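Predicted model only: the values in this text are computed from it and were never measured. Numbering of ligands and ligand atoms starts at 1, following listing order.
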Amino acid sequence: MIEIKDVVKIYENSITALEKVNLKIEKGDFLYVTGESGAGKTTLLKLIHGDELPTSGEILYDAKPVLKQFPLYMWRRKISFAYQDYMLIEDRTVFENVTLPAQIKGESFSKMRSKARAVLDALKLKDKMYERVRNLSGGEKQRITIARALIANPDVLLLDEPTGNLDEDTAETVMRYIEAVNEQGTTVIMATHHFMKTNGRPKRIIKLHRGRIIRKAYV
Ligand SMILES: Nc1ncnc2c1ncn2[C@@H]1O[C@H](COP(=O)(O)OP(=O)(O)OP(=O)(O)O)[C@@H](O)[C@H]1O
Ligand SMILES: [Mg+2]
């Protein structure tokens, strides 16, 4: 469904973050993107989301270049990104933050509220719903970022180190929830340093090293 074809990303400071990356991600896949700090994981997710453009190569969706078939805002209705650095609006409440993408999509308030309740409950955040984001811990913010990405019901979910700031039990709760979302058909692409072996079905894994894929396997 998504194909990364000969993608090279050289940033303005002439750092090469990705070199000739080729990868196919099928609908419903769960893909781990691993590799050392600076390997290019976030860059790969940003290119798929359309935050950055490749220097050369293409990102295809159903065999056609993504941004030639949809304007960016339409692409963003299919794909959500839980950013490594949260990208939350600090002086707004958790509820306002997590429902923003659904609001943009034009969903009804009552539908958004019940979805927000269910997702925040699953991520152990229900009592924080009306708290301002600036008053929350790093691990809480990280889960809010994941909740925001989920509430929009994306076809494709991009997660950048979603468990990096979480204790083991909370990380496991989050992973089980993400696995359940994947099992319902959402494609998940997750960058992480520490992936967990769970009882879920086998997942694909790639390892990046200095912008190149050096391993493709199943875990
Ligand atoms: N906006 C940018 N401008 C210039 N260089 C960048 C930019 N973003 C990332 N880089 C560089 O590109 C390379 C890949 O960075 P990237 O953020 O993709 O790595 P990462 O694998 O996500 O690392 P981490 O595990 O630390 O999050 C690094 O050398 C980084 O310094
Ligand atoms: Mg990163």
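- Open room surrounds NZ on K111; 12 or fewer heavy atoms of other groups in view lie less than 6.0 Å from it.
- Remark: Y130 OH is packed, more than 12 non-hydrogen atoms of other residues, nucleotides or ligands lying under 6.0 Å away.
- Regarding atom 23 (O) of ligand 1, its nearest protein heavy-atom neighbour is G38 N, 2.8 Å.
- Under a 4.0 Å N-O distance rule, the pair D62/K27 does not qualify as a salt bridge.
- Among all protein heavy atoms, the one lying closest to atom 25 (O) of ligand 1 is K41 NZ, 2.7 Å.
- Close approach of ligand 1 to E36 (heavy-atom distance below 4.0 Å) involves ligand atoms 21 (O).
- Residues I4 and L18 form no side-chain contact, since every pair of their non-hydrogen atoms from C-beta on lies 4.5 Å or further apart.
- Among all non-hydrogen protein atoms, the one lying nearest atom 26 (O) of ligand 1 is S37 OG, 2.6 Å.
- Which parts of ligand 1 touch A17 is read off a 4.0 Å heavy-atom cut-off, strictly below it: atoms 12 (O), 13 (C), 14 (C).
- Using a 4.5 Å cut-off on side-chain heavy atoms (C-beta onward), L123 and V174 make contact.
- At least one donor-acceptor pair under 3.5 Å links the side chain of S137 to the backbone N or O of E140.
- Looking at K128, its side chain never comes within 3.5 Å of a backbone N or O of T93 through a donor-acceptor pair.
- No part of E161 comes within 4.0 Å of ligand 1, judged by heavy-atom distances.
- At least one test fails for K203 against the ring of Y32: distance under 6.0 Å to the centre or angle within 45° of the axis.
- Only the side chain of N13 comes within 4.0 Å of ligand 1, counting heavy atoms alone; its backbone N, CA, C and O stay farther away.
- Protein heavy atoms all stay at least 4.0 Å away from atom 30 (C) of ligand 1.
- Two residues are said to be in side-chain contact when any heavy atoms from C-beta on lie closer than 4.5 Å; I79 and V66 fail this criterion.
- Against a heavy-atom cut-off of under 4.0 Å, A39 is close to the following atoms of ligand 1: 19 (O), 21 (O).
- Protein heavy atom at the shortest distance from atom 17 (O) of ligand 1 is T42 CB, 3.6 Å.
- Between K141 and E90, at least one side-chain nitrogen of the basic residue sits less than 4.0 Å from a carboxylate oxygen of the acidic one, meeting the salt-bridge criterion.
- Residues Y177 and L150 are in side-chain contact: their nearest non-hydrogen atoms beyond the backbone lie under 4.5 Å apart.
- Among protein heavy atoms, the minimum distance from atom 9 (C) of ligand 1 is reached at Y11 CE1, 3.4 Å.
- Every atom of ligand 1 with a heavy atom of Q84 under 4.0 Å away is listed here by number and element: 27 (O).
- Taking every non-hydrogen atom of G40 and a distance limit under 4.0 Å, the qualifying atoms of ligand 1 come out as 14 (C), 18 (O), 19 (O), 20 (P), 21 (O).
- Within a 6.0 Å sphere centred on NZ of K124, heavy atoms belonging to other residues, nucleotides or ligands number more than 12.
- Residue contacts with ligand 1, taken as heavy atom pairs separated by less than 4.0 Å, involve I15 solely via side-chain atoms from C-beta onward.
- Taking a 4.0 Å cut-off on heavy atoms, K46 fails to register as neighbouring ligand 1.
- Looking only at heavy atoms of the protein, atom 15 (O) of ligand 1 is closest to T43 OG1, 3.8 Å.
- Only the side chain of H193 comes within 4.0 Å of ligand 1, counting heavy atoms alone; its backbone N, CA, C and O stay farther away.
- Distance alone, capped at 3.5 Å, is enough to place a donor-acceptor pair between the N182 side chain and the D29 backbone.
- Excluding waters, the count of protein N/O/S atoms less than 2.8 Å from the Mg ion (ligand 2) comes to 2.
- We find the CZ-CG distance between F30 and L159 to be 7.0 Å, quoted to the nearest 0.5 Å.
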